[in-house]
Amino acid sequence: MTTFSKLQNDFTHNIIGYSAIGIILSTCLGSVAVMTTLMHGHHLTQMFFVMLSVVFCSLHNASILTVQKPELIFKLLVTSTLVNVLIIMGGLIF
């Protein structure tokens, strides 16, 4: 089993606890990504990255609220985390 499969299996078995932690993680990372993006101005490119962050955070949170399959929720959490971390790193580098 790969690490991703192990994490997904654990997430599936403990969906209630991990969903609460996932909402907090996604929201906090999203807000930091928006803050680091807006530190460099409010032009079209910055607004695109803000929109990207908000869309992925909202997709993850909406998947929990609409009681989707745990596999989908986990994949959206991973995607949201990766996108926001990349936006944060890009905002800190440039």
Side-chain angles (χ1 to χ4, degrees):
M1 276 177 98
T2 64
T3 304
F4 183 80
S5 298
K6 288 180 184 177
L7 288 173
Q8 186 175 6
N9 189 23
D10 189 39
F11 185 89
T12 302
H13 290 330
N14 301 314
I15 186 71
I16 294 174
Y18 283 130
S19 291
I21 293 171
I23 288 175
I24 294 168
L25 174 70
S26 178
T27 305
C28 288
L29 277 177
S31 63
V32 171
V34 168
M35 181 192 69
T36 57
T37 302
L38 292 178
M39 285 186 342
H40 302 291
H42 57 279
H43 300 289
L44 187 61
T45 54
Q46 282 89 6
M47 290 299 115
F48 173 74
F49 287 121
V50 168
M51 182 196 71
L52 198 65
S53 178
V54 169
V55 164
F56 279 102
C57 290
S58 296
L59 280 173
H60 171 255
N61 292 343
S63 69
I64 291 173
L65 292 174
T66 58
V67 192
Q68 299 296 317
K69 292 181 180 179
E71 293 83 17
L72 177 64
I73 295 172
F74 180 73
K75 289 178 183 175
L76 286 171
L77 174 62
V78 170
T79 305
S80 172
T81 302
L82 289 176
V83 166
N84 285 318
V85 166
L86 289 174
I87 290 173
I88 291 168
M89 287 177 21
L92 293 176
I93 290 173
F94 296 112

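Along the sequence shown, residues are numbered consecutively beginning with 1.
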Engineer: What distance do M51 atom CE and L44 atom CG have between them, rounded to the nearest 0.5 Å?
Structural biologist: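 These two atoms lie 9.5 Å from each other.
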Engineer: With clusters defined by side-chain heavy atoms of hydrophobic residues (ILVMFWY) lying less than 4.5 Å apart, directly or transitively, does I15 cluster with I21?
Structural biologist: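 In one cluster with I21: I15, no.
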Engineer: Aromatic contact between F4 and F11, with the criterion being ring centroids under 6.0 Å apart: yes or no?
Structural biologist: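 Not under 6.0 Å, so no.
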Engineer: Could you check whether any side-chain heavy atom of T12 comes within less than 4.5 Å of a side-chain heavy atom of F74, counting everything from C-beta outward?
Structural biologist: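 When only atoms from C-beta onward are counted, F74 and T12 do not touch, as no gap falls below 4.5 Å.
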Engineer: Should L25 and V54 be counted in the same cluster of Ile, Leu, Val, Met, Phe, Trp and Tyr side chains packed under 4.5 Å apart?
Structural biologist: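 As far as the 4.5 Å side-chain criterion goes, V54 and L25 are not connected within one cluster.
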Engineer: Is there a chain of hydrophobic side chains (I, L, V, M, F, W, Y, each step under 4.5 Å between heavy atoms) that links V34 to V32?
Structural biologist: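 In one cluster with V34: V32, no.
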Engineer: Answer with yes or no whether the hydrophobic clustering places I16 together with L65; edges join I, L, V, M, F, W, Y residues whose side-chain heavy atoms lie under 4.5 Å apart.
Structural biologist: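 Shared cluster, no.
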Engineer: Checking side-chain contact (heavy atoms from CB on, under 4.5 Å) between C57 and each of I23, N84, T27, which is the one that passes?
Structural biologist: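 By the side-chain contact (heavy atoms from CB on, under 4.5 Å) criterion, C57 pairs with just one of I23, N84, T27: N84.
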Engineer: Could you tell me the separation between the CG atom of L29 and the OG1 atom of T81, rounded to the nearest 0.5 Å?
Structural biologist: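 L29 CG to T81 OG1: 6.0 Å, rounded to 0.5 Å.
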Engineer: Compare every heavy atom of S63 with every heavy atom of I73, then report the nearest pair and how far apart it is.
Structural biologist: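 Looking at all heavy atoms of both residues, the closest pair is CG1-OG, 3.7 Å.
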Engineer: Compare all side-chain heavy atoms of L38 with those of M47 and state whether any distance is below 4.5 angstrom.
Structural biologist: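 Contact flag for L38/M47 side chains = yes.
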Engineer: If you measure from CG on L76 to CD1 on I64, what distance do you get to the nearest 0.5 Å?
Structural biologist: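 CD1 of I64 is found 9.0 Å from CG of L76.
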Engineer: Listing request: all ring-ring contact (aromatic ring centres under 6.0 Å, His included) pairs with a residue in residues 31-66, at least two apart in sequence or in separate chains.
Structural biologist: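 Every pair satisfying ring-ring contact (aromatic ring centres under 6.0 Å, His included) with a residue in residues 31-66: there are none.
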Engineer: I need the I87 CD1 to L92 CG distance, nearest 0.5 Å.
Structural biologist: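 Here the interatomic distance stands at 12.0 Å.
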Engineer: Do S26 side-chain atoms and G22 backbone N/O form a donor-acceptor pair below 3.5 Å?
Structural biologist: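 Not confirmed, S26 side chain does not pair with G22 backbone.
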Engineer: Roughly how far, to the nearest 0.5 Å, is the CD1 atom of I88 from the CD1 atom of I93?
Structural biologist: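 Here the rounded value is 12.0 Å.
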Engineer: How long is the span from the OG atom in S80 to the CG atom in L52, to the nearest 0.5 Å?
Structural biologist: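 Taking OG in S80 and CG in L52, the distance rounds to 10.0 Å.
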Engineer: Between C28 and S31, which heavy-atom pair has the shortest distance, and what is it?
Structural biologist: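 Here C28 and S31 meet closest at O-OG, 2.8 Å.
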Engineer: Could you state whether L77 and L59 fall into the same hydrophobic cluster, counting links through intermediate Ile, Leu, Val, Met, Phe, Trp or Tyr residues with side-chain heavy atoms under 4.5 angstrom apart?
Structural biologist: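 No; L59 is not reachable from L77 via cluster members.
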